[in-house]
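Structure, as C-alpha cells:
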Amino acid sequence: MLTMNVDARQLERAPRVVARAWVVAGNRAVRRTTQWARTHGSRAIAQAEQIPVGRIRKRMRGQVQKQPNGSLVGKAWFGLKPMPASYAGKPRQLRRGGTRAGKHSWEGGFVATMPNGHTGIFERMGRSRLPIVETMLHLEKAPDALRPVERQIPEQLSKALEQELKYEMLKQQGGA
C-alpha cells in the first residue's frame with residue numbers, strides 16, 4: 001500500500017524542484033555514460049588489436065562540455081592514427097631476424113634506442129644503412145571494434161538517466 005501526503009506549499013515549488021532534478025540527473029548521466037564509453041571503447045580496441053589497454057587510454061580523450069542552455073554533451077575521442085610499434089609491448093630482437101612487440105612480429109626490423117631514450121622498432125628504407133624509419137602499428141580493426149559500443153550508448157544513457165533521476169527525487173524528498 002502506498003500513501004502520499006501532498007502539501008500545498010510543496011506543490012507551488014514542485015515544478016522547480018523537478019526541473020532542477022532533471023537537469024542535475026541528466027548532467028550526471030551524461031558524465032557516467034561518457035566514462036562508460038571511454039572504458040568500453042578502449043577495452044574493445046585493445047582486444048581487437050591485441051595491444052595493452054593502457055596504451056589506448058594514453059591516446060584517448062574524453063570530455064564533457066557545457067552547452068549555453070545548461071545541458072552537457074559528452075564526447076569520447078580515440079586516437080586511431082598509426083602508433084609506434086613499440087606501443088604493442090616491449091620490443092624484442094629475434095634470433096631468426098626481425099622483431100616482436102607484444103603479439104605482433106615484423107620481419108626485417110631491428111630494435112634501437114634513440115639518444116633521447118626512446119626504444120623502438122625501426123626499418124631501413126632501401127638497401128643502404130640510412131635512412132631508417134620507425135615501424136608503425138596501424139589500428140585497422142578499431143572502427144569495427146567500436147561499433148558495438150557505439151550502438152549501446154543510447155541504452156546506457158537511458159539507464160543512467162533513470163538511476164540518477166530516482167536518486168535525485170529521493171534526495172529531494174529527504175530520503176538520501
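- A chain of hydrophobic side-chain contacts below 4.5 Å, direct or via other Ile, Leu, Val, Met, Phe, Trp or Tyr residues, connects Val64 to Leu157.
- For the residue pair Gly89 and Ala101, the shortest heavy atom distance occurs at O-CB, 3.8 Å.
- In this structure, Thr33 contributes its side chain and Val30 its backbone to no donor-acceptor pair below 3.5 Å.
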Practice problem: May I have the step-by-step check of side chain to side chain contact (heavy atoms under 4.5 Å, CB included) for Thr99 and Arg92, ending in yes or no? | Solution: CA-CA 6 Å; Thr99 54; Arg92 300 181 190 277; over 6 Å; no

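- In the hydrophobic clustering of this structure, Ile45 groups with Met60; members are Ile, Leu, Val, Met, Phe, Trp, Tyr whose side-chain heavy atoms approach within less than 4.5 Å, directly or through other members.
- Hydrophobic clustering (ILVMFWY, side-chain heavy atoms < 4.5 Å, transitive): Leu137 and Leu80 are in one cluster.
- With respect to Arg96 and Glu107, a salt bridge is recorded, a charged nitrogen being found less than 4.0 Å from a carboxylate O.
- Within the model, atoms CD1 of Ile153 and CG of Leu146 stand 9.0 Å from one another, a figure rounded to the nearest 0.5 Å.
- Summarising the geometry of Ala44 relative to Val149, their closest heavy-atom pair is CB-CG2, 4.3 Å, with the distance given to 0.1 Å.
- With sequence neighbours excluded, the residues that form a salt bridge (charged side-chain N to carboxylate O under 4.0 Å, His left out) with Glu162 are Lys166.
- A salt bridge does not link Arg147 with Glu150: none of the charged nitrogens is closer than 4.0 Å to a carboxylate oxygen.
- Results of the side-chain contact (heavy atoms from CB on, under 4.5 Å) test with Met83 over Met136, Arg59, Glu49 single out Arg59 as the only residue that passes.
- With hydrophobic clusters built from ILVMFWY side chains whose heavy atoms lie under 4.5 angstrom apart, Met114 shares a cluster with Phe110.
- Looking only at side-chain heavy atoms (C-beta outward), Tyr87 and Ile51 stay at 4.5 Å or farther from each other.
- Checked by atom type, the side-chain pair Arg32/Gln156 shows no donor-acceptor distance below 3.5 Å.
- Sorted by first and then second residue, the pairs that involve residues 27-66 and meet ring-ring contact (aromatic ring centres under 6.0 Å, His included), not counting sequence neighbours, are Trp36-His40.
- Of all heavy-atom pairs between Leu161 and Gly26, the closest is CD1-CA, 3.6 Å.
- Distance CG/Leu165 to OG/Ser158: 12.5 Å, rounded to 0.5 Å.
- Taken to the nearest 0.5 Å, the NZ atom of Lys90 stands 9.0 Å off from the OG1 atom of Thr119.
- Nearest heavy atoms, Gly120 versus Ser86: CA-CB, 4.1 Å.
- The side-chain tip of Arg28 does not point at the ring of Tyr167 from less than 6.0 angstrom away and within 45° of straight on.
- Between Glu123 and Glu134, every side-chain heavy-atom pair lies at or beyond the 4.5 Å cut-off.
- Within the 4.5 Å cutoff, the side chain of Arg57 has no heavy atoms near those of the Arg38 side chain.
- Note on Trp22: it clusters hydrophobically with Met169, by side-chain heavy-atom contacts below 4.5 Å among ILVMFWY residues.
- In terms of heavy-atom proximity, Thr34 sits nearest to Gln63 at CG2-O, 4.1 Å.
- Of all heavy-atom pairs spanning Gln93 and Gly109, the tightest one is NE2-O, 3.5 Å.
- The shortest side-chain heavy-atom distance between Phe122 and Val133 does not fall under the 4.5 Å cut-off.
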